[in-house]
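The structure appears right after this line, and notes come after that.
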Amino acid sequence: MGSTTRDAIAASKAALAAIGGTVDLATAEQLLAAGRIIGESAQLQSILTDPATEQERKGDALEAVFGSSLSAPVFKLLGTVVSNRWSVEADLLAGIEELGLRAAASSAAADADIEGEVFAFGKTVASNPELELAISSKLGDSDSKVTLIERLLSGKVAPQTLVILRHLVRQPRGRRINALVRDAAAIVADQTGYAIATVTTATPIAAAQLERLQSDLSANYGRQLKVNQVVDPGLVGGVRVQIGDDVIDGSVASRLQELRLQLAG
């Protein structure tokens, strides 16, 4: 992510925060839907991301496409988003998606575990090849994927979780399902005040050990962390921890790979 995009996302997040208590699930749905519409038009993306395009023309383009279909706060927020400069065109869609996910997280009840539900769905899909193919296949249409998700999860997860997952399968932007849920879960977690540590081991870790690991990692990183556990027998042994872009790989598989590289050299 380029510095220009980082600045644009920071400004967009500030604009979302300024809306305050009026952010609800409809805000998230409108933002995500707007991102999908913009994503379907290369011409519109070009207009909205071209630094040479005057802001008035960008506003006119938004008005022509969305008119009164968006609430006034969402339309104003979208205007703020496109008024920023983005490193590349694709970053605009990522930025709108991030705002939609943050709005969804902000609209959830205090006891809702949106991040956990998104992550759990990703684990379920990863453990079922048939389901993963149905969700990830480029041959399937998005409406069928949405119907499948609703059939599996309606009434079992928070409304915000359904909104997020429906959007992700409609606009994957080239990402596989594991990347989709990982990125979404990280944004939701950040919006609610903590970060995610994905801990991968060859066999399940006992609850007490996970609690100690969570406490130690939180102390080392200086912020509250939530641990999500992934079991991958391919690691053989040891543990792999990923927090954002940081990776701590102490797995046996990693050490064996390092040894192979040394021998090959």
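Note that the numbering runs from 1 along the sequence shown for the chain.
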Please check this pair: side chain of [X] against backbone of [Y], looking for a donor-acceptor N/O pair closer than 3.5 Å.
| X | Y | answer |
| --- | --- | --- |
| Gln160 | Ile114 | no |
| Thr161 | Val157 | no |
| Ser107 | Ala104 | yes |
| Thr22 | Ile19 | yes |
| Thr192 | Ala189 | yes |
| Gln242 | Ala197 | no |
| Ser46 | Ala42 | no |
| Ser144 | Gly140 | no |
| Thr53 | Thr49 | no |
| Ser215 | Arg212 | no |

State whether a side-chain donor-acceptor pair under 3.5 Å links Thr4 with Asp7. no
Validation row: [X], [Y] side chains within 4.5 angstrom (heavy atoms):
| X | Y | answer |
| --- | --- | --- |
| Thr201 | Asp232 | no |
| Val118 | Val188 | no |
| Arg173 | Glu97 | yes |
| Gln191 | Leu101 | no |
| Leu148 | Leu131 | yes |
| Ser71 | Val74 | yes |
| Gln171 | Leu93 | yes |
| Phe66 | Leu78 | yes |

Which distance, rounded to the nearest 0.5 Å, do you find between the [atom1] of [X] and the [atom2] of [Y]?
| X | Y | atom1 | atom2 | result |
| --- | --- | --- | --- | --- |
| Lys58 | Leu44 | NZ | CG | 11.0 Å |
| Ser137 | Ile177 | OG | CD1 | 12.5 Å |
| Gln209 | Gln229 | CD | CD | 9.5 Å |
| Phe75 | Gln30 | CZ | CD | 12.0 Å |
| Arg57 | Asp50 | CZ | CG | 8.0 Å |
| Asp216 | Glu211 | CG | CD | 12.0 Å |

Same cluster or not: are [X] and [Y] linked, directly or through other Ile, Leu, Val, Met, Phe, Trp or Tyr residues, by side-chain heavy atoms under 4.5 angstrom apart?
| X | Y | answer |
| --- | --- | --- |
| Leu70 | Ile47 | no |
| Ile149 | Val163 | no |
| Leu225 | Leu210 | yes |
| Tyr221 | Ile196 | no |
| Val81 | Val65 | yes |

I need the minimum non-hydrogen distance between [X] and [Y], along with the two atoms involved.
| X | Y | value |
| --- | --- | --- |
| Ser3 | Ser87 | N-OG, 4.3 Å |
| Ala61 | Leu48 | CB-CD2, 4.5 Å |
| Gly95 | Trp86 | CA-CH2, 3.8 Å |
| Ala28 | Gly100 | CB-O, 3.3 Å |
| Asn84 | Ser12 | ND2-OG, 3.6 Å |
| Ala103 | Thr27 | CB-CG2, 4.2 Å |

Taken in chain and number order and not counting sequence neighbours, the residues that satisfy side chain to side chain donor-acceptor pair (under 3.5 Å) with Arg182 are none
Chi angles and distances behind the side-chain contact (heavy atoms from CB on, under 4.5 Å) call for Asn128, Thr124: CA-CA 6 Å; Asn128 186 323; Thr124 299; 5.6 Å; no
By the salt bridge (charged side-chain N to carboxylate O under 4.0 Å, His left out) test, which pairs, at least two apart or in different chains, include something from residues 221-231? Asp113-Lys226, Glu115-Lys226, Asp190-Arg223
CD/Gln55: more than 12 non-hydrogen atoms of other groups inside 6.0 Å: yes
Would you say CZ of Arg175 has more than 12 non-hydrogen atoms from neighbouring residues, nucleotides or ligands within 6.0 angstrom? yes
Run the numbers on Leu168 and Phe121 for side-chain contact (heavy atoms from CB on, under 4.5 Å), then give the verdict. CA-CA 12 Å; Leu168 294 178; Phe121 178 75; over 6 Å; no
Could you check whether Glu98 pairs with Arg6 (Lys NZ or Arg NE/NH1/NH2 to Asp/Glu carboxylate O, under 4.0 Å)? no
Are any of the side-chain nitrogens in Glu117 or Lys156 under 4.0 Å away from the carboxylate oxygens of its partner? no
Applying side-chain contact (heavy atoms from CB on, under 4.5 Å) to Leu16 and Arg102, what does each step give before you reach the verdict? CA-CA 9 Å; Leu16 178 66; Arg102 290 181 180 278; 3.7 Å; yes
List the steps and the verdict of side-chain contact (heavy atoms from CB on, under 4.5 Å) for Thr203 and Val231. CA-CA 6 Å; Thr203 57; Val231 176; 5.5 Å; no
